[in-house]
Peer 1: 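Mind having a look at this structure? Questions to follow.
The first residue of the sequence shown is numbered 1, and numbering continues consecutively from there. Every heavy atom of this structure was used, including side-chain atoms; hydrogens, water molecules and symmetry mates were not.
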Amino acid sequence: MNVTDDNADEGQPSLVNDTDPLFAEALRELGLGEVIGRVRRFPDTARTTAEAAAAIGCEPSQICTSLFFAADGVPVLVLLDGSAHVGMELVRRELGAEKLTRAGGRIVRESTGYGPGAVPPFGHRTKTRVLVDRSLLGHDTVWASAGTPFTVFPMDPKSLIAHADGTLVDVREQMA
C-alpha cells in the first residue's frame, strides 16, 4: 500500500493509490479517473458500518451499503444508507419476484467480479440490476465500496445513482 497522508499510523483512513484494479478500470471507462485519487482505506479494525463511519468521520447513514440478492435466481444489487435495514419483502415486491434470497459469494463474484462486502455500486463484470433506496438522497456525499472490504470512495448520491444506472425505490424497513 502506498500511503499518501500522515494519518496512516493513527488508525485514520488513508489516501491510497492501490485501488482495486477492476474498479479503477471501471472508473476510467466511465470518465471518473479522478475518483481514484479520493479512494480511502480503512484500518483493518473497521469491520462494521459504525466503525467505517467513525474512521472516515461521517455519519453511518453516509455509508452506502451494498446488499446482493437473487430475485427468482436473477442477481440484483440494493444500495441503501448504512443506518437502514432493507425490507426484503419491499425488495421482492419492487422486483415483482416470487422469491428473494441473499446471494451467495459465488453469485456475487460471478456477477460483479468482487467479493461479498466489497461490491461497489457500479463497475461490475456483468450488467447488474441496481435498486437504490431514496435514503441515500438525504446526504450531499456518501461513501461507497471501492472494490475491497477496506476501501471506499466519496460521491454525491445523484451521480452515484446515475453511474450505477440505479432505480430509486423505497425499500428501507420502517422500524416500529
Peer 1: Establish whether Leu27 and Val130 are linked, either directly or via other cluster members, by ILVMFWY side-chain heavy-atom contacts under 4.5 Å.
Peer 2: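 Leu27 clusters together with Val130.
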Peer 1: Taking all non-hydrogen atoms of both residues, which atom of Pro149 and which atom of Ala118 are closest, and how far apart?
Peer 2: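 Looking at all heavy atoms of both residues, the shortest contact is N-CB, 3.6 Å.
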Peer 1: List the steps and the verdict of side-chain contact (heavy atoms from CB on, under 4.5 Å) for Thr167 and Val132.
Peer 2: CA-CA 6 Å; Thr167 302; Val132 183; over 6 Å; no
Peer 1: Give a yes or no on whether the backbone of Glu59 and the side-chain of Gln62 come within a donor-acceptor separation of less than 3.5 Å.
Peer 2: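 Flag set: sc Gln62 to bb Glu59 pair under 3.5 Å.
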Peer 1: Parallel, tilted or perpendicular for Phe122 and Phe153, by the 30°/60° rule?
Peer 2: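 Aromatic pair Phe122/Phe153 classed perpendicular.
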Peer 1: State, to 0.1 Å, how close Gly123 and Ala26 come at their nearest heavy-atom pair, and which atoms those are.
Peer 2: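 Closest pair (atom of Gly123, atom of Ala26, distance): CA-CB, 3.4 Å.
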Peer 1: Is there a side-chain contact between Val169 and Leu90 in this structure, where contact means two heavy atoms from C-beta onward sitting under 4.5 Å apart?
Peer 2: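 Sidechains of Leu90 and Val169: no contact.
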Peer 1: Tell me whether Arg92 contacts the main-chain N or O of Ala97 through its side chain, where contact means a donor paired with an acceptor under 3.5 Å.
Peer 2: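 Side chain of Arg92 to backbone of Ala97: a pair is present.
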Peer 1: Return the OG1 to CG distance between Thr128 and Asp165, rounded to the nearest 0.5 Å.
Peer 2: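 Taking OG1 in Thr128 and CG in Asp165, the distance rounds to 10.5 Å.
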Peer 1: Could you check if a side-chain atom of Phe42 sits within less than 4.5 angstrom of a side-chain atom of Glu51, using non-hydrogen atoms only?
Peer 2: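 Answer no - side chains too far apart.
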Peer 1: Are Arg106 and Val108 close enough that some pair of their side-chain heavy atoms sits under 4.5 Å apart?
Peer 2: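 With C-beta onward as the side chain, the pair stays apart.
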Peer 1: Is atom CD of Glu98 surrounded by more than 12 heavy atoms (other residues, nucleotides or ligands) closer than 6.0 Å?
Peer 2: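 12 or below, so no.
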Peer 1: Look at the side chain of Ser66 and the backbone N and O of Leu79, then say whether any donor-acceptor pair between them is shorter than 3.5 Å.
Peer 2: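 Between the backbone of Leu79 and the side chain of Ser66 there is no qualifying donor-acceptor contact (under 3.5 Å).
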Peer 1: State whether the side chain of Asp156 and the backbone N or O of Thr141 hold a donor-acceptor pair below 3.5 Å, judged by distance alone.
Peer 2: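 Absent.
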Peer 1: Could you check Val39 against Val152 for side-chain contact (heavy atoms from CB on, under 4.5 Å), going step by step and ending with a plain yes or no?
Peer 2: CA-CA 6 Å; Val39 170; Val152 292; over 6 Å; no
Peer 1: Do Val74 and Phe68 share a hydrophobic cluster, counting only Ile, Leu, Val, Met, Phe, Trp and Tyr and linking them when any side-chain heavy atoms are less than 4.5 Å apart?
Peer 2: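 Hydrophobic grouping puts Val74 apart from Phe68.
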Peer 1: What I'd like to find out is whether the side chain of Leu136 reaches to under 4.5 Å of the side chain of Cys64, using heavy atoms alone.
Peer 2: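 SC-SC contact between Leu136 and Cys64 confirmed.
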Peer 1: Find out whether Asp170 and Glu94 are in side-chain contact, i.e. whether some heavy atom of one side chain is under 4.5 Å from a heavy atom of the other.
Peer 2: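 Contact flag for Asp170/Glu94 side chains = no.
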Peer 1: How close do Ser145 and Pro121 get, counting heavy atoms only, and between which atoms?
Peer 2: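 Heavy atoms of Ser145 and Pro121 come nearest at O-CD, 3.8 Å.
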Peer 1: With rounding to the nearest 0.5 Å, note down the distance linking CG in Leu67 to CZ in Arg102.
Peer 2: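 That separation rounds to 5.0 Å.
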Peer 1: For the hydrophobic clusters of this structure (ILVMFWY residues joined by side-chain heavy atoms under 4.5 Å, transitively), does one cluster hold both Phe69 and Leu95?
Peer 2: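 Yes.
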Peer 1: Of all the heavy-atom pairs spanning Gly82 and Thr65, show the shortest one and how long it is.
Peer 2: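 Reported closest heavy-atom pair: CA-OG1, 3.3 Å.
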Peer 1: Side chains of Arg28 and Ile36: closer than 4.5 Å at any heavy-atom pair?
Peer 2: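 Touching, per the 4.5 Å side-chain cut-off.
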Peer 1: Write down the atom of Asp20, the atom of Gly147, and the distance for their closest heavy-atom approach.
Peer 2: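 Closest pair (atom of Asp20, atom of Gly147, distance): OD1-O, 3.8 Å.
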Peer 1: Tell me whether Val119 shares a hydrophobic cluster with Val35, the cluster being built from Ile, Leu, Val, Met, Phe, Trp, Tyr side chains joined at under 4.5 Å.
Peer 2: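 As far as the 4.5 Å side-chain criterion goes, Val35 and Val119 are connected within one cluster.
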Peer 1: Drop me the distance from Arg172's CZ to Arg134's CZ, to the nearest 0.5 angstrom.
Peer 2: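 Output value for this atom pair is 13.5 Å.
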Peer 1: Shortest non-hydrogen contact from Ala50 to Pro60?
Peer 2: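 Distance-wise, the nearest heavy atoms are CA-CG, 4.5 Å.
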Peer 1: Do the non-hydrogen side-chain atoms of Pro21 and Glu25 ever get within less than 4.5 Å of each other?
Peer 2: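 Not touching, per the 4.5 Å side-chain cut-off.
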Peer 1: Is it the case that one hydrophobic cluster holds both Leu131 and Ile107, taking links as side-chain heavy atoms less than 4.5 Å apart, direct or via other members?
Peer 2: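 Each belongs to a different hydrophobic cluster.
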Peer 1: Is there a side-chain contact (heavy atoms from CB on, under 4.5 Å) between Met155 and Trp143 once you walk through the steps?
Peer 2: CA-CA 7 Å; Met155 186 171 276; Trp143 293 83; over 6 Å; no
Peer 1: Once you measure the plane-to-plane angle for His124 and Tyr114, does it fall in the parallel (<30°), tilted (30-60°) or perpendicular (>60°) bin?
Peer 2: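 It falls in the perpendicular class, over 60°.
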Peer 1: Supply the atom-to-atom distance Leu22 CG to Thr148 OG1, rounded to the nearest 0.5 angstrom.
Peer 2: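 Answer for the CG-OG1 pair, Leu22 versus Thr148, is 12.0 Å.
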Peer 1: With a 4.5 Å heavy-atom cut-off, do Thr112 and Arg125 have their side chains touching?
Peer 2: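 When only atoms from C-beta onward are counted, Arg125 and Thr112 do not touch, as no gap falls below 4.5 Å.
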Peer 1: Hey, what do you get for CD1 (Ile56) to CD1 (Ile63), rounding to the nearest 0.5 Å?
Peer 2: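 If I round to the nearest 0.5 Å, the distance is 4.0 Å.
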Peer 1: Is it true that the side chains of Asp81 and Ser61 contain a donor and an acceptor less than 3.5 Å apart?
Peer 2: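 Checked: Asp81/Ser61 side chains show no N/O donor-acceptor pair below 3.5 Å.
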